[in-house]
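Notes follow once the structure below has been shown.
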Amino acid sequence: MKQLVSLLHSLIFVFTFSAFSFGVLAQTEVSKLVCEYHTNPLGIDVLKPRLSWQLVSDAQNVKQSAYEIRVAESASDLSKKGEQIWNSGKVESDQSVNVIYGGPAPESMQRFYWQVRIWDNNGKASKWSNPTYWEMGILEPEQWNASWITLSNEPETEDSKPAQYYRSEFSTSKNIKSARVYVTSHGLYELFLNGEKVGDQLFTPGWTSYNKRLQYQTYDVTNMLQNENAVGVVLGDGWYRGNIGWVSANGYYGDTLALLFQLKIDYTDGSNEWIVSDKNWKVSNGPIRKSDIYNGETYDARLELDGWTETGYTETGWKSVKEIDEPKDLLVAPQGVPVKAVEELKPIAFITTPKGEIVYDMGQNMVGWVRIKMKGKAGQKVQLKFAEVLDKEGNFYTANLRGAECTDTYIFAEDGEITYEPTFTFHGFRYLQLIGFDEIPSKEDITGVVIYSDMEPTGTFACNDEMINQLQHNIQWGQKGNFLDVPTDCPQRDERLGWTGDAQVFSMTAGYNFDVAAFYTKWMKDVAADQLDNGVVPHVIPDVLNGQGGATGWADAVAIIPWSVYKIYDDTRILEENYPAITKWVGYMNERAGDDFLWTGDTHFGDWLAYATTQSDYPGATTEKDLLATAYFYYTTTLTAKIAAIIGKPQDAKKYNQLATNIKEAFNNEFVTPNGRLVSHTQTAYVIALAFGILPESMVDEAADYLAKDVEKFKHLTTGFLGTPILCPTLSAIGRDDLAFMLLNRTEYPSWLYPVTQGATTIWERWDGQKPDGSFQDVGMNSFNHYAYGAIGEWLYSHVAGIQVDENNPGYKKFLLAPNPGGGLSHVKATFDSMYGKIVSDWEISNGEMNYSVVVPANTFAEIVLPKAKVAEITMTDDLKSAAKQTGTKVTVSVGSGTYSFGYPIAD
Ligand code: BGC
């Protein structure tokens, strides 16, 4: 009997296994449902949200031939025809990304459950997916029943004022069905209900162009309510009125903190109730005496308000709040990615520096703060200071933080041991210094709390060269440290601003490493909001520099980032929504250029931080700004033409194509000699001209030659912010992978690996932030966590590993798997979680044999390009072999979804 059972088992196994692998009976499943790039989002205000899902199947060539979406007010109503809010019907389509909800207009606070099923290319229907939901936020300003409240009579202080603590109590008597808090503030808030922090988001309400758009958050607090309740909210200065930028030291947006809070309770009997911020709330100052993003927090535990977020607290010394009239019509629901404490690190070393400083090494240049267990005596003041690097003697180095104090101060209330972490500040640091301690905490007592916008990691790149792996690590940590609600230049000094140039050059790399769709969608709203009437895009977004802007390569972020998001996520809406801002910017450039189509004479950053020397004959690299400006004018105009065509504006497309043709002609007359030499004979000039396609066909070879010769002459890069991201891609495109890999592998300054040899754990702002002799670059600008040069990441993923998006089939619907071994690498594996699922590209060369394995997600296609291959010599299935195409030394194979492997002898 036993034997029979086991025989049966193995028969079943053989049957299901083979059925699975040949796709005969394999059941495709639908999973990973997202709405507006979020899983089960709460409190959104997108009226026609977009829905995406993934097909899961191990079988090959799985495609979606049709889908059906159904939407209802509850999960159980989904299957009841009469109860559905919307049913798409069976739609013959392979679209599974960003399908627009087509039901009736949503109402405020309405929840929509939805699920989807698909038919595969054999006409076989999947099961219905698990239900998921989205919920609307507050859609009309009139539905804000709450009043803005504030503390009148604030203490006069020179710099930061103390944080403000607000509280109120209320009771509920009936059974609660659901409860939602809608809350925002001027300044940052942290919300508590009955003694517990609500949600795990940090730095709420986030940073937007506050005068035009202010986000509120929605929280489901159904399970936090009791009969008697206390709500407490603490407000800190944050970006709103703390130090930010340098135009006004603080208070850029205003000098009054304020709170807007409302709680809607739905009872099971069908009634509801609102609890709102109003004149009955009480306010006090408390232990946070100072909270500033640049300077840190001062926390006086003697002023703690024990139990202030719980019921029954005695409000001794608390004052009545003042209601103030602040706008509610600029409140928006968040579309981005909330900042959270995502990781924790432990110090790797305890150091007493030559100067006798007590220092801990976190082992990683990180962004956030430390949580510390420490002992002290009543009234004792201790300080925590933060630095990115030690100087050449090994002492704590803070000069590059410029004016940012980056210091957390704690004053003990009583003798004993406590655990402390700050609330409304963050630091960019690897080293922690302790000052004023009697007893030195152990490494165990210290935890690095790493905060960033909690984007889903989507990419991995690993190879057999540990230095390049460290470079990839540094790029990813540069992104973590600088994607803090807005894409910032740096996280440590008195800057931390949304510099547009840095953001645009890094956007494609960013989109390999993490899911940045929602993050950029939100930031682009601020770009559009802060654009000046004449089309100028400010240098930093949110703009805290009074509208300074309009620089070439920086302002172009207005077009380039939507374009990146479109390519990676097949998101046409971001193109549509930003189109007015994009065309306004092109209009501005056109006006500045005038009749000759040359944009000359304006002030720009240019190829920022390009290679420079102090040698008398100056073999550095300065690229003329007029050339760069005219080239970017051309490039952004070509993008605008493409965007116009995609969003159904063929007349505009024609107009911008004509404009581009005019700029191209003007550029070539002005900046290119008849022999294809550019007036700025620099790597940046050539890569820009080649990558942007601005040269006439007849001059491409000459220009390519000049570029190659320049790289050969210097044997290193000479590029700055604008040239660096496209240097290796352009060398590859002109067939000079040898030079691109030479630059990648170089370990002396200037190069990507030089900082790695110096122990860097993030990307540096300068090629020589710290010199081989241990001395530093100019303190005025020397960040050790600046992602711009990390833009090489795109080339690692797309060229070296070979996972390449195709702009004509955006969202990786159809993509290239075209690996390019070189530079002595023998093994590279990259993965990318696309909207359709995981893509894998894994190549290894050993003993002259290339082995290449790939995974192509369901409902997509890939063109696999095998380098240095001959069809006849490749091990692959017969049907693939018969369709394989040989072009020169490359073999191309087109495949549908599935897992494939190829092996062949590869020529050197
Ligand atoms: C920032 C940059 C920025 C640049 C523009 C610097 O202060 O850190 O990354 O792009 O200014 O000039």
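Source: prediction; values computed, not measured. For ligands, and for the atoms within them, numbers begin at 1 and follow the listed sequence. Residues: numbered from 1 along the sequence shown.
- Under the rule for a ring-ring contact (aromatic ring centres under 6.0 Å, His included), Y754 has no partner lying at least two apart in sequence or in another chain.
- With H604 as reference, W599 is the one residue of W599, Y632, W554 to meet the ring pair (Phe, Tyr, Trp, His ring centres under 6.0 Å) rule.
- A side chain to side chain donor-acceptor pair (under 3.5 Å) with T682 is found for exactly one of D710, T718, T623, T719, namely T623.
- Checked against F506 for a ring pair (Phe, Tyr, Trp, His ring centres under 6.0 Å), the options Y787, Y789, Y512 give a single hit: Y787.
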List ligand 1's nitrogen or oxygen atoms that come under 3.5 Å of a protein nitrogen or oxygen, with the partner atom and distance.
| residue | atom | partner | partner atom | Å |
| --- | --- | --- | --- | --- |
| ligand 1 | 7 (O) | E495 | OE1 | 3.2 |
| ligand 1 | 7 (O) | E495 | OE2 | 2.6 |
| ligand 1 | 8 (O) | D489 | OD2 | 2.6 |
| ligand 1 | 8 (O) | R493 | NH2 | 2.7 |
| ligand 1 | 8 (O) | H786 | NE2 | 3.0 |
| ligand 1 | 9 (O) | D502 | OD1 | 3.3 |
| ligand 1 | 9 (O) | D502 | OD2 | 2.4 |
| ligand 1 | 9 (O) | H786 | NE2 | 2.8 |
| ligand 1 | 10 (O) | D502 | OD1 | 2.5 |
| ligand 1 | 10 (O) | W554 | NE1 | 3.0 |

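- When each of Q770, R493, Q492, R430 is tested with E388 by the rule side chain to side chain donor-acceptor pair (under 3.5 Å), just one qualifies, namely Q492.
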What do the steps show when you test S209 against D526 for side-chain hydrogen bond (donor to acceptor under 3.5 Å, both in side chains), and what is the final call?
-> CA-CA 6 Å; S209 309; D526 293 301; 3.2 Å; yes

